[in-house]
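In what follows, a structure is listed as structure tokens, so that the remarks can point back to it.
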Amino acid sequence: MEEIKEIIRNIKKKELAPVYFLMGDEPYYIDNIADFIEDNVLTEEEKGFNQMILYGRDVTINDIVSNAKRYPLMADKQVIIVKEAQDLARTIDQLEDYLEQPQPSTVLVFCYKYKTIDKRKKLYKSLQKNAVLFESNKLKDYKLEGWLQQMVQKKGYSIEPKATAMLIEFLGNDLSKIANEIEKLTVILNHEKSITAEIVERNIGISKDYNNFELMKAIVDRNQLQAYKIASFFAQNPKNNPFVVTIGIVYAYFSKLLLYHGLKDKSPQNVMKSLKIVQYAIKDYEIGFRTYSMKHVSQILAHLKDMDLKGKGVGANQMSSDDLLKEMLMKIFN
């Protein structure tokens with residue numbers, strides 16, 4: 001995100017704002033900026049007297065302001081980072097007075113996670129005027145692959161598409177978890193420079209042969225034997241392979257395949273833009289286009305909606321995961 005890069009660039013140039021208010025649904029970017037400030041604004045010698053970490057549940061706005069108004073000791077700046085600042089949501093408006101005249105020798109950072117300030121309120125306008133206000137939004141699912149690959153490349157490694165898909169399926173849209181697992185893998189890799197599906201399976205515990213990525217591949221290729229083998233594995237391990245997740249992934253594929261059928265322009269650029277997919281996934285829709293007619297795809301989607309209800313216990317009390325998965329595949333392949 002360009003906004004994050006600009007914030008970091010300014011901090012590196014010592015162009016520091018008196019207040020940084022970092023808010024939003026995605027904690028990964030909030031933590032990245034706060035950690036950079038914590039690590040880079042003060043020297044190690046200055047940190048002992050001039051850097052303070054507070055937690056929203058343990059302090060009041062008055063406590064924070066009192067600390068922010070004091071002067072640094074043997075340094076030009078002091079840094080105060082308020083973590084879990086969302087715990088102050090009920091009283092956060094009390095920050096308005098300080099924002100009107102912030103202490104210039106203090107760098108005050110709020111990590112206001114999973115929430116945002118009401119944009120209609122005076123506090124929001126005051127933050128816009130007198131602070132660096134950053135809203136950290138969740139990354140769209142279709143952008144996850146590209147984000148993960150870029151992160152790995154920055155560390156000097158590469159990652160196989162299958163390994164990327166396995167990590168995203170297993171960890172979901174949680175950038176912090178993904179980043180932590182990649183960090184572990186790069187430590188383990190030693191002299192290897194590529195993260196493969198085998199490395200992910202060996203070190204993170206995700207089966208490279210029995211996962212939703214492989215199930216979708218079997219469905220796309222109409223490899224019924226492999227699809228039923230994976231379904232049987234899922235049924236034996238329902239906690240690690242919940243039906244609701246599997247059917248959601250299958251439904252997402254066929255929804256996009258229906259869109260693909262309707263595209264007049266099937267050039268790679270237009271397919272990626274219209275379906276919101278990465279380039280290596282295009283072939284799955286080219287194969288699906290040849291394998292499943294538009295009418296068949298519409299029928300599959302209708303069946304999947306019914307199966308989703310059954311998976312939630314509507315009209316199919318006590319159906320096992322095995323029965324649900326087999327019925328789902330039967331509806332797709334028939």
Side-chain angles (χ1 to χ4, degrees), residues 141-142 145 161-162 164-166 168-170 172 197 201 206-266 268 270-272 274-334:
D141 287 346
Y142 69 91
E145 291 97 334
K162 183 175 179 179
T164 300
M166 287 167 66
I168 290 170
E169 181 199 330
F170 187 68
E201 179 181 40
I206 312 168
S207 171
K208 68 180 176 63
D209 296 317
Y210 297 98
N211 55 65
N212 283 311
F213 177 81
E214 288 300 318
L215 177 64
M216 276 312 312
K217 186 176 185 302
I219 290 172
V220 171
D221 295 338
R222 287 192 71 85
N223 186 339
Q224 297 187 40
L225 177 61
Q226 182 65 8
Y228 280 105
K229 279 173 65 177
I230 295 170
S232 295
F233 177 83
F234 283 6
Q236 293 166 21
N237 303 272
K239 288 186 179 179
N240 294 329
N241 305 281
F243 178 74
V244 66
V245 174
T246 298
I247 196 168
I249 290 169
V250 175
Y251 187 86
Y253 170 77
F254 281 106
S255 296
K256 290 181 178 181
L257 182 57
L258 189 64
L259 289 174
Y260 185 89
H261 268 284
L263 289 178
K264 291 182 179 179
D265 178 4
K266 289 184 171 62
N270 191 54
V271 170
M272 286 189 290
S274 301
L275 272 60
K276 294 183 169 60
I277 59 173
V278 292
Q279 188 166 6
Y280 78 78
I282 294 175
K283 66 179 184 301
D284 291 336
Y285 292 91
E286 291 173 342
I287 295 169
F289 176 73
R290 296 191 296 269
T291 307
Y292 298 95
S293 69
M294 194 172 193
K295 181 180 178 181
H296 192 183
V297 173
S298 297
Q299 292 170 341
I300 288 170
L301 288 170
H303 289 315
L304 290 173
K305 286 180 181 178
D306 290 339
M307 292 303 305
D308 182 51
L309 291 174
K310 289 182 179 181
K312 293 169 182 172
V314 179
N317 290 332
Q318 300 193 355
M319 270 188 86
S320 68
S321 292
D322 192 25
D323 289 338
L324 286 166
L325 287 161
K326 285 178 179 176
E327 184 173 339
M328 181 189 75
L329 293 176
M330 183 184 70
K331 297 291 187 183
I332 291 171
F333 290 132
N334 283 354

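The basis for the numbers below is simple: all heavy atoms, side chains too, and nothing from hydrogens, waters or symmetry mates. All residue numbers refer to positions in the sequence shown, counting from 1.
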Task: Within residues 210-228 or reaching into it, pairs that qualify as salt bridge (Lys or Arg N to Asp or Glu O under 4.0 Å) - sequence neighbours excluded - done: K162-E214, K217-D221

- [ ] Go through the structure and list residues passing side-chain contact (heavy atoms from CB on, under 4.5 Å) with P161, not counting sequence neighbours.
- [x] Y280

Task: Check: V220 and T291 side chains under 4.5 Å, non-hydrogen atoms - done: no

Task: Which residues share a salt bridge (Lys or Arg N to Asp or Glu O under 4.0 Å) with E327, sequence neighbours left out - done: K310

Open item on the list: With a 6.0 Å cut-off (strictly less than), is the heavy-atom count around CD of E286, excluding the residue itself, greater than 12?
Closed with: yes

Open item on the list: According to salt bridge (Lys or Arg N to Asp or Glu O under 4.0 Å), who are the partners of K326, at least two apart in sequence or on a separate chain?
Closed with: D322

Task: Pairwise ring pair (Phe, Tyr, Trp, His ring centres under 6.0 Å) hits with a residue in residues 289-310, at least two apart - done: F254-Y292, Y260-F289, H261-F289, Y292-H296

Task: Set of residues satisfying salt bridge (Lys or Arg N to Asp or Glu O under 4.0 Å) with respect to K256, sequence neighbours excluded - done: none

Open item on the list: So for atom NZ, which belongs to K305, do other residues, nucleotides or ligands contribute more than 12 heavy atoms lying within a distance under 6.0 Å?
Closed with: no

Open item on the list: Are the side chains of M272 and V278 in contact, using a 4.5 Å heavy-atom criterion?
Closed with: no

Task: Counterpart residues, side-chain hydrogen bond (donor to acceptor under 3.5 Å, both in side chains), relative to D308 (two or more places apart) - done: K312

Open item on the list: So F243 and M307, do their side chains get closer than 4.5 Å, heavy atoms only?
Closed with: yes

Open item on the list: Just to verify, what does K295 make a side-chain contact (heavy atoms from CB on, under 4.5 Å) with, not counting sequence neighbours?
Closed with: S293, Q299

Open item on the list: Just to verify, what does N334 make a side-chain hydrogen bond (donor to acceptor under 3.5 Å, both in side chains) with, not counting sequence neighbours?
Closed with: none

Task: Contact list for residues 225-247, test side chain to side chain donor-acceptor pair (under 3.5 Å), sequence neighbours left out - done: N212-T246

Task: With sequence neighbours excluded, residues passing side-chain hydrogen bond (donor to acceptor under 3.5 Å, both in side chains) with N223 - done: none

Task: All side-chain contact (heavy atoms from CB on, under 4.5 Å) counterparts of A227, not counting sequence neighbours - done: L215, A218, L329, F333

Open item on the list: So Y251 and L301, do their side chains get closer than 4.5 Å, heavy atoms only?
Closed with: yes

TODO: Answer yes or no: is there a side-chain heavy-atom contact under 4.5 Å between L257 and Y285?
DONE: yes

- [ ] Taking the side chain as every heavy atom from C-beta outward, state whether D284 and M216 have any pair of such atoms under 4.5 Å apart.
- [x] no

